[in-house]
Novice: 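Structure provided below as structure tokens; questions to follow.
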Number of protein chains: 2
Amino acid sequence: MNSFLPTEQRIDHTRERYPPFPREPAVLVRLIKHLHKLVHDDANATLRPYGLNHPEYNLLMMLYGTPGGALSASELAESSGEKSANITRLTNGLCDKGLIARTADEDDRRKVMLALTPAGEALIGALLPDVCALLDRQMRTLDAGDQRQLEGLLKKMLSGLTA
Amino acid sequence: MNSFLPTEQRIDHTRERYPPFPREPAVLVRLIKHLHKLVHDDANATLRPYGLNHPEYNLLMMLYGTPGGALSASELAESSGEKSANITRLTNGLCDKGLIARTADEDDRRKVMLALTPAGEALIGALLPDVCALLDRQMRTLDAGDQRQLEGLLKKMLSGLTA
DNA sequence: TATAGATATTACATAAATGAATTAAATTAC
DNA sequence: GTAATTTAATTCATTTATGTAATATCTATA
């Protein structure tokens with residue numbers, strides 16, 4: 001898992017067998033997959049002591065970072081990239097743990113608004129130092145300029161995937 | 001899902017509540033997650049007509065791109081990033097479909113060597129044009145220079161995650 | 001205001017992934 | 001040469017994620 005070289009060699013061998021296979025796009029897609037997995041596993045390890053996994057943490061941080069502090073289930077699904085059925089399961093778990101609370105929206109009674117409880121706020125306060133250390137560590141090989149440049153390129157890539 | 005702006009706004013609001021939260025690393029991690037999901041879903045949609053999902057396709061391409069054409073189960077796990085238990089499940093499915101075949105390794109009888117069958121080779125030959133088109137389309141907003149630069153930065157990021 | 005159509009949420013069934021434990025074969029140490 | 005250790009692959013139980021369909025509520029328009 002530590003070296004990406006074998007992956008590149010396989011892509012090169014694939015191109016010998018099938019020349020139109022586009023090297024750079026294939027390398028980039030594999031890198032994204034590889035990085036995602038490492039970041040995801042790393043985050044899970046950091047969050048486990050707090051009784052959370054990465055998707056649960058993401059939902060809590062969506063609420064923490066939202067002015068007003070409340071989002072509907074579908075807004076959470078949209079912003080977190082999870083399927084709505086999965087949001088129900090995850091928010092059930094977070095409600096059971098007492099970290100978030102559901103309230104019916106007054107204007108649109110189809111909606112269920114979700115917000116952090118004091119216990120949820122407290123948990124985030126407790127884990128943020130570890131999370132910040134994790135994020136800084138994960139990006140430690142990139143200086144400020146690298147990070148800005150990478151952000152720009154990833155957004156450029158993103159623009160080709162959504163349109 | 002199409003805009004990344006709300007995510008950035010949430011990160012900014014998080015930083016108002018908790019200033020040490022590192023903006024760039026958080027943005028980059030979210031971008032990686034976002035891009036991975038889009039690429040993954042996109043690939044699944046392209047592969048479905050061929051009766052494959054993305055993990056299955058990855059395993060087949062590992063074998064296709066390996067000189068000699070055979071890998072052991074643990075080598076497949078290592079190179080694909082899947083857990084070994086998952087490799088067993090996935091390769092069972094691919095064997096059932098007749099796309100790969102298991103043979104015992106002569107030197108080490110604990111090992112199970114996996115290789116493409118003629119049917120597996122044929123399927124890859126059939127789907128590669130679509131996959132190449134997909135890859136080129138996914139990276140269409142990045143010119144050759146962008147792609148090289150992005151590859152370099154992602155590898156630099158990777159070096160901080162594995163060590 | 002009645003009703004057709006759209007949206008939000010949830011429930012249920014199914015699929016995919018993971019972790020822990022098991023079996024079998026090879027390697028090492030004695 | 002035998003016992004202990006390591007490694008490879010699988011099985012089983014559990015967790016996590018997805019797709020489909022059902023239910024309830026809202027919106028628009030005739």
Side-chain angles (χ1 to χ4, degrees), chain A residues 1 33-34 36-45 47-48 51-60 62 70-97 100-115, chain B residues 1 33-34 36-38 40-45 47-48 51-60 62-63 70-97 100-115:
Chain A
M1 180 62 86
K33 179 171 150 50
H34 208 63
H36 176 262
K37 181 172 178 49
L38 290 171
V39 165
H40 181 81
D41 291 351
D42 220 359
N44 273 330
L47 294 167
R48 184 163 306 119
L52 296 176
N53 59 26
H54 198 182
E56 289 174 327
Y57 162 80
N58 276 330
L59 296 191
L60 294 181
M62 293 286 163
L71 289 170
S72 71
S74 53
E75 285 169 332
L76 259 187
E78 160 77 15
S79 58
S80 67
E82 303 283 349
K83 299 284 187 296
S84 64
N86 212 22
I87 291 293
T88 298
R89 181 183 62 84
L90 290 166
T91 54
N92 281 343
L94 293 171
C95 282
D96 290 348
K97 292 176 190 168
I100 64 173
R102 289 190 168 99
T103 54
D105 186 73
E106 295 180 356
D107 299 331
D108 187 339
R109 283 185 304 173
R110 290 173 304 182
K111 289 189 182 176
V112 173
M113 298 305 286
L114 298 154
Chain B
M1 179 64 84
K33 178 171 152 48
H34 207 63
H36 176 263
K37 183 173 176 49
L38 290 170
H40 181 82
D41 290 351
D42 220 358
N44 272 330
L47 295 167
R48 183 161 307 119
L52 296 176
N53 59 28
H54 198 185
E56 289 173 328
Y57 162 81
N58 276 330
L59 297 191
L60 295 181
M62 294 284 163
L63 297 176
L71 289 171
S72 71
S74 50
E75 286 169 332
L76 257 188
E78 160 76 16
S79 58
S80 67
E82 303 283 349
K83 298 284 187 296
S84 63
N86 210 25
I87 291 293
T88 299
R89 182 183 62 84
L90 289 165
T91 54
N92 281 343
L94 292 170
C95 282
D96 290 347
K97 291 176 189 168
I100 66 174
R102 290 191 168 98
T103 54
D105 186 74
E106 295 179 357
D107 300 329
D108 186 339
R109 284 187 301 171
R110 290 171 305 179
K111 289 190 182 176
V112 173
M113 299 305 286
L114 299 152

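In what follows, chains are A, B, ... by sequence order, proteins preceding strands, each numbered from 1.
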Novice: Rounded to the nearest angstrom, tell me the gap between atom NE2 in B/H54 and atom C1' in D/dT18.
Specialist: 17 Å
Novice: Spell out protein contact along nucleotides 1-15 of chain C as letters: B when the base is contacted, S when just the sugar-phosphate is, - when no protein heavy atom is under 4.0 Å; keep the 5' to 3' order.
Specialist: -----BBSSBB----
Novice: What is the separation between atom CG on B/N86 and atom C1' on D/dA8, rounded to the nearest whole Å?
Specialist: 17 Å
Novice: Would you kindly give the CG-to-P distance between B/L76 and D/dA9, to the nearest whole Å?
Specialist: 9 Å
Novice: So which atom in B/L114 and which in B/R102 form the shortest heavy-atom distance, rounded to 0.1 Å?
Specialist: CD2-CG, 3.5 Å
Novice: As an exercise, state the distance from CG of B/L90 to CG of B/N86, rounded to the nearest 0.5 Å.
Specialist: 4.5 Å
Novice: Under the salt bridge (charged side-chain N to carboxylate O under 4.0 Å, His left out) rule, what do B/E56 and B/K97 come out as? Steps first, then yes or no, please.
Specialist: CA-CA 11 Å; B/E56 289 173 328; B/K97 291 176 189 168; 3.1 Å; yes
Novice: Over 60° means perpendicular and under 30° means parallel, so classify the ring planes of B/H36 and A/H36, tilted if in between.
Specialist: parallel
Novice: Quick one: list whatever passes salt bridge (charged side-chain N to carboxylate O under 4.0 Å, His left out) with B/D41, sequence neighbours left out.
Specialist: B/K37
Novice: Could you tell me whether the side chains of B/N92 and B/R89 share a donor-acceptor contact shorter than 3.5 Å?
Specialist: no
Novice: Is there a side-chain contact between B/S72 and B/D105 in this structure, where contact means two heavy atoms from C-beta onward sitting under 4.5 Å apart?
Specialist: no
Novice: Send over the distance from A/L94 CG to D/dT15 C1', rounded to a whole Å.
Specialist: 15 Å
Novice: How many Å lie between CD on B/E82 and C1' on D/dA9, as a whole number?
Specialist: 16 Å
Novice: Of the nucleotides D/dA17, D/dC26, D/dT18, which one has an atom closest to the side chain of A/K83?
Specialist: D/dT18
Novice: Any idea which heavy atoms bring A/S80 and A/I87 closest together, and the distance?
Specialist: OG-CD1, 3.8 Å
Novice: Using five pairs at either end of the helix from C/dT1-D/dA30 to C/dC30-D/dG1, determine the angle between the two local helix axes and round it to 10 degrees.
Specialist: 20°
Novice: Using side-chain heavy atoms (C-beta onward) and a distance below 4.5 Å, is A/L94 in contact with A/I100?
Specialist: yes
Novice: Could you pick out which residue, A/E106 or A/H40, lies toward the 5' side of DNA chain D when each is mapped onto its nearest nucleotide?
Specialist: A/H40
Novice: Could you state the atom-to-atom distance from CZ of A/R109 to P of D/dC26 in whole Å?
Specialist: 5 Å
Novice: Can you measure A/I87 atom CD1 to D/dT16 atom P for me and round it to whole angstrom units?
Specialist: 15 Å
Novice: Rounded to whole Å, how long is the line connecting atom CG of B/L52 with atom P of C/dA16?
Specialist: 12 Å
